[in-house]
Engineer: 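Got a structure here, written out as structure tokens. Questions coming.
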Amino acid sequence: MKILGIETSCDETGVGVYDSDSKKVVHRLTSQIEIHKRYGGVVPELASRDHIKKLLPLVEETLKNANCGLDDIDGIGYTAGPGLMGALLVGASFAKSLAWSLHVPVIGINHLEAHILAAMLEKDKPSLPFLALLVSGGHTLLVLAEKLGSYSVLGETLDDAVGECFDKTAKLIGLDYPGGPEIAKLAKSGKKDKFTFPRPMINRKGLNFSFSGLKTHVRNVWNNLDDSDVEQNRADVARALEDAIVDTLTIKCRRALESTQMSQLVLAGGVAANKSLRDSLTTLMKKQNGSFYCPRGEFCTDNGAMVAYTGYCHIKNGHVDDDLSVNVYPKWHLSDVEA
Ligand code: KG4
Ligand code: ZN
């Protein structure tokens with residue numbers, strides 16, 4: 001079976017082809033970072049317009065790279081939510097129309113489920129059930145992935161997502177968008193413990209997160225620094241922010257492992273690119289005698305491969321859209337996914 005995956009939920013157009021016989025996936029991506037950079041964040045209308053421009057050529061390019069034509073496609077998965085309404089509609093309309101013309105099944109995929117299942121694309125992969133930490137620009141979730149289509153959200157952010165906290169702090173201290181990689185780079189030359197930032201919500205029961213207070217704390221510290229040695233201050237603030245975030249996420253993961261008795265932890269989403277976070281969770285799982293999984297970088301950020309694979313899992317189980325109306329769900333919660 002060859003399944004085409006279409007991802008247009010935010011600022012990346014992603015297309016993938018998953019082949020269930022060879023278990024291989026081919027994918028292509030175009031990023032809109034250059035378009036949104038000057039605004040310091042994603043502009044929804046510009047995102048939709050760029051998806052319209054890029055999607056068709058990207059599908060052609062991906063099929064070519066997968067050595068197949070449209071006639072070889074057995075089904076289509078597309079991201080139906082959560083995400084930006086206009087951006088989602090581009091992918092959904094395209095996928096539904098193409099599925100209709102090819103007479104193949106089509107299924108709307110939850111973007112967060114796809115991020116979590118991306119770990120299954122690796123050779124060394126987890127088996128369900130497992131615990132997942134999903135950290136991206138828009139989401140921060142601790143999830144018990146029980147089986148395909150069945151996810152319990154154990155904790156989530158009450159305000160800003162982790163990636164958003166990196167991005168907004170980066171903007172504050174004069175770094176480029178997206179801020180996460182910039183902070184990570186700079187943190188390497190920052191002095192440990194020059195500043196100590198709060199680890200939000202670790203003294204409260206439960207597994208929820210909150211990052212907006214941390215962002216405000218950093219603003220206050222930054223605004224009160226004198227102008228001498230701005231470069232070193234910037235690096236020290238980056239280091240303290242990264243340390244606070246990594247510590248907080250690691251503490252919550254340890255608690256979630258204890259309460260669920262899971263021995264496998266999957267890290268997913270764009271922030272999974274952060275090396276300090278990966279190292280800290282690797283150490284945690286070693287201490288717990290468990291296993292840590294994190295998909296390669298290109299499967300952590302938004303991509304079409306994870307949507308193609310998740311589409312395959314659902315279509316194989318006979319779970320497909322039952323009509324051709326175009327529906328998207330900008331606020332689709334992971335707990336509401338069905339199998
Ligand atoms: O999953 P993703 O590509 O897009 C969303 O669905 O949000 O995640 C993008 C987020 C951005 O906030 C970016 O700053 C963050 O991931 N990010 C990082 C790193 N690389 C990307 N955050 C911290 N450290 C990194 N190395
Ligand atoms: Zn994402």
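Counting starts at 1 for both ligands and their atoms, following the listed order. Nothing here was measured: the structure is a model prediction, and the numbers come from that model.
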Engineer: For the side chain to side chain donor-acceptor pair (under 3.5 Å) test, which of Asp243, Thr250, Asp247 pairs with Ser280?
Structural biologist: Thr250

Engineer: Parallel, tilted or perpendicular: which describes the rings of Tyr309 and Tyr18, with under 30° parallel and over 60° perpendicular?
Structural biologist: perpendicular

Engineer: Heavy atoms only, cut-off 4.0 Å: how does Asn274 contact ligand 1, side chain, backbone, both, or neither?
Structural biologist: both

Engineer: Is Phe166 in polar range of ligand 1, meaning some N or O pair under 3.5 Å apart?
Structural biologist: no

Engineer: Which bit of His115 gets closer than 4.0 Å to ligand 1, counting heavy atoms only: side chain, backbone, both or neither?
Structural biologist: side chain

Engineer: Check Val17, Val59, Asn303, Asn65 against Arg28 for a side-chain contact (heavy atoms from CB on, under 4.5 Å) and give me the one that passes.
Structural biologist: Asn65

Engineer: If you have a sec, read the angle at the Zn ion (ligand 2) from His115 atom NE2 over to His111 atom NE2, to 10 degrees.
Structural biologist: 90°

Engineer: To which protein heavy atom is atom 15 (C) of ligand 1 closest, and what is the distance rounded to 0.1 Å?
Structural biologist: Val271 CG2, 3.8 Å

Engineer: Hey, is ligand 1 close enough to Pro178 that some N/O pair sits below 3.5 Å?
Structural biologist: no

Engineer: Can a donor-acceptor pair be found between the side chains of Glu156 and His333 at a distance below 3.5 Å?
Structural biologist: yes

Engineer: I'd like to know if Lys37 and Glu34 make a salt bridge, using a cut-off of under 4.0 Å between side-chain N and carboxylate O.
Structural biologist: yes

Engineer: With a 4.5 Å heavy-atom cut-off, do Thr157 and His139 have their side chains touching?
Structural biologist: no

Engineer: Give me the nearest non-hydrogen protein atom to atom 22 (N) of ligand 1 as residue plus atom name, then the distance to 0.1 Å.
Structural biologist: Gly180 CA, 3.3 Å

Engineer: Can Lys2 and Asp19 be counted as an ion pair, charged N to O under 4.0 angstrom?
Structural biologist: yes

Engineer: Using the side chain to side chain donor-acceptor pair (under 3.5 Å) rule, pick out the option among Thr169, Asp167, Asp160 that qualifies with Lys215.
Structural biologist: Asp160

Engineer: Could you list the atoms of ligand 1 found under 4.0 angstrom from a heavy atom of Asp167?
Structural biologist: 11 (C), 12 (O), 13 (C), 14 (O)

Engineer: Considering both backbone and side-chain atoms of Asp302, is one of its nitrogen or oxygen atoms within less than 3.5 Å of a nitrogen or oxygen in ligand 1?
Structural biologist: yes

Engineer: Within the 4.0 Å heavy-atom shell around Gly138, which atoms of ligand 1 are there?
Structural biologist: 7 (O)

Engineer: Could you list which atoms of ligand 1 come closer than 4.0 Å to a heavy atom of Ser136?
Structural biologist: 1 (O), 5 (C), 6 (O), 7 (O), 8 (O)

Engineer: At a 4.0 Å cut-off, with the gap strictly under it, does some heavy atom of Cys10 reach an atom of ligand 1?
Structural biologist: no

Engineer: So, does Glu182 sit close enough to ligand 1 that a heavy atom of it is under 4.0 Å from the ligand?
Structural biologist: no

Engineer: Determine whether the aromatic ring centres of residues Phe299 and His115 are separated by less than 6.0 angstrom.
Structural biologist: no

Engineer: Between Glu61 and Lys64, is the closest basic N to carboxylate O distance under 4.0 Å?
Structural biologist: no

Engineer: What residue and atom, counting heavy atoms only, is the protein's closest point to atom 1 (O) of ligand 1, and at what distance?
Structural biologist: Gly270 N, 2.9 Å

Engineer: Can you confirm if the NZ or CZ of Lys252 lies within 45° of the ring axis of Phe209 and under 6.0 Å from the centre of its six-membered ring?
Structural biologist: yes

Engineer: When only distance counts, is Gly269 in polar contact with ligand 1, meaning an N/O pair under 3.5 Å?
Structural biologist: no

Engineer: Among the N/O/S atoms of Asp302, which is closest to the Zn ion (ligand 2)? Give the atom name.
Structural biologist: OD1

Engineer: Ignoring hydrogens, just give me the one of Gly163, Pro181, Gly137 whose non-hydrogen atom is nearest atom 20 (N) of ligand 1.
Structural biologist: Pro181

